[in-house]
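This report refers to the structure that appears directly beneath it.
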Amino acid sequence: MTTPAEPAELAAAAARTVPGVADLHGGAFGEVATYLPGRRVTGIRLGSDKCAVHVVVEYPADLYAVAAAVRARLEPLLGVPVDVTIEDLRIPSPDGEHPTSEVTQ
């Protein structure tokens with residue numbers, strides 16, 4: 001028996017389909033998440049009146065356009081305002097095989 005997808009899981013799947021989004025990000029200490037029975041959805045913090053989405057973006061990208069596209073994809077799905085935070089950039093390696101997962105400061 002399959003469990004129906006929760007809104008946070010649907011939001012995570014939808015966010016990952018936005019062009020330029022490499023993945024979701026849990027924040028500095030993994031604090032950005034929605035907790036469900038027996039599991040958690042990292043990168044989505046869904047409340048009753050708003051949603052926070054933290055993403056990793058493929059470089060190069062128009063960061064404002066990617067954030068706007070995530071917002072446009074999720075707000076109709078969730079019915080609440082969506083705040084998008086770009087936590088990191090994924091930069092492809094010169095050989096195209098192994099992208100670096102984080103930008104160091």
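Sorted by first and then second residue, the salt bridge (charged side-chain N to carboxylate O under 4.0 Å, His left out) pairs with a member in residues 47-57 form an empty list; sequence neighbours excluded.
The CG atom of L10 sits 10.0 Å away from the CG atom of L74 when rounded to the nearest 0.5 Å. Taking CZ from R90 and NE2 from H25, the interatomic distance works out to 10.0 Å, rounded to the nearest 0.5 Å. Note: E6 CD to I44 CD1 = 13.5 Å, rounded to the nearest 0.5 Å.
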Taking distance alone, no hydrogens or angles, what donor-acceptor pairs closer than 3.5 Å link side-chain atoms of residues 13-23 to residues at least two apart or in another chain?
unit_1: R16; atom_1: NE; unit_2: D23; atom_2: OD1; d: 3.2
unit_1: T17; atom_1: OG1; unit_2: A14; atom_2: O; d: 2.7
unit_1: T17; atom_1: OG1; unit_2: R73; atom_2: NH1; d: 2.4

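R45 places no side-chain N or O within 3.5 Å of a backbone atom of G43 that could act as its donor or acceptor partner.
Residues forming a salt bridge (charged side-chain N to carboxylate O under 4.0 Å, His left out) with R40 (at least two apart in sequence, or on another chain): none.
Looking at E9 and L36, their side chains come closer than 4.5 Å, going by heavy atoms from C-beta outward. Looking at L63 and L89, their side chains come closer than 4.5 Å, going by heavy atoms from C-beta outward.
In this structure, V84 is a member of the same hydrophobic cluster as L78, with clusters built from ILVMFWY side-chain heavy atoms closer than 4.5 Å. Hydrophobic clustering (side-chain heavy atoms under 4.5 Å, transitive across Ile, Leu, Val, Met, Phe, Trp, Tyr) keeps V41 apart from V32.
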Pair L24, T42 - check side-chain contact (heavy atoms from CB on, under 4.5 Å), show working. CA-CA 7 Å; L24 298 176; T42 302; 5.8 Å; no
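The heavy-atom pair separating V80 from S48 by the smallest distance is CG1-O, 3.6 Å.
Within 6.0 Å of OH in Y35 there are more than 12 heavy atoms belonging to other residues, nucleotides or ligands.
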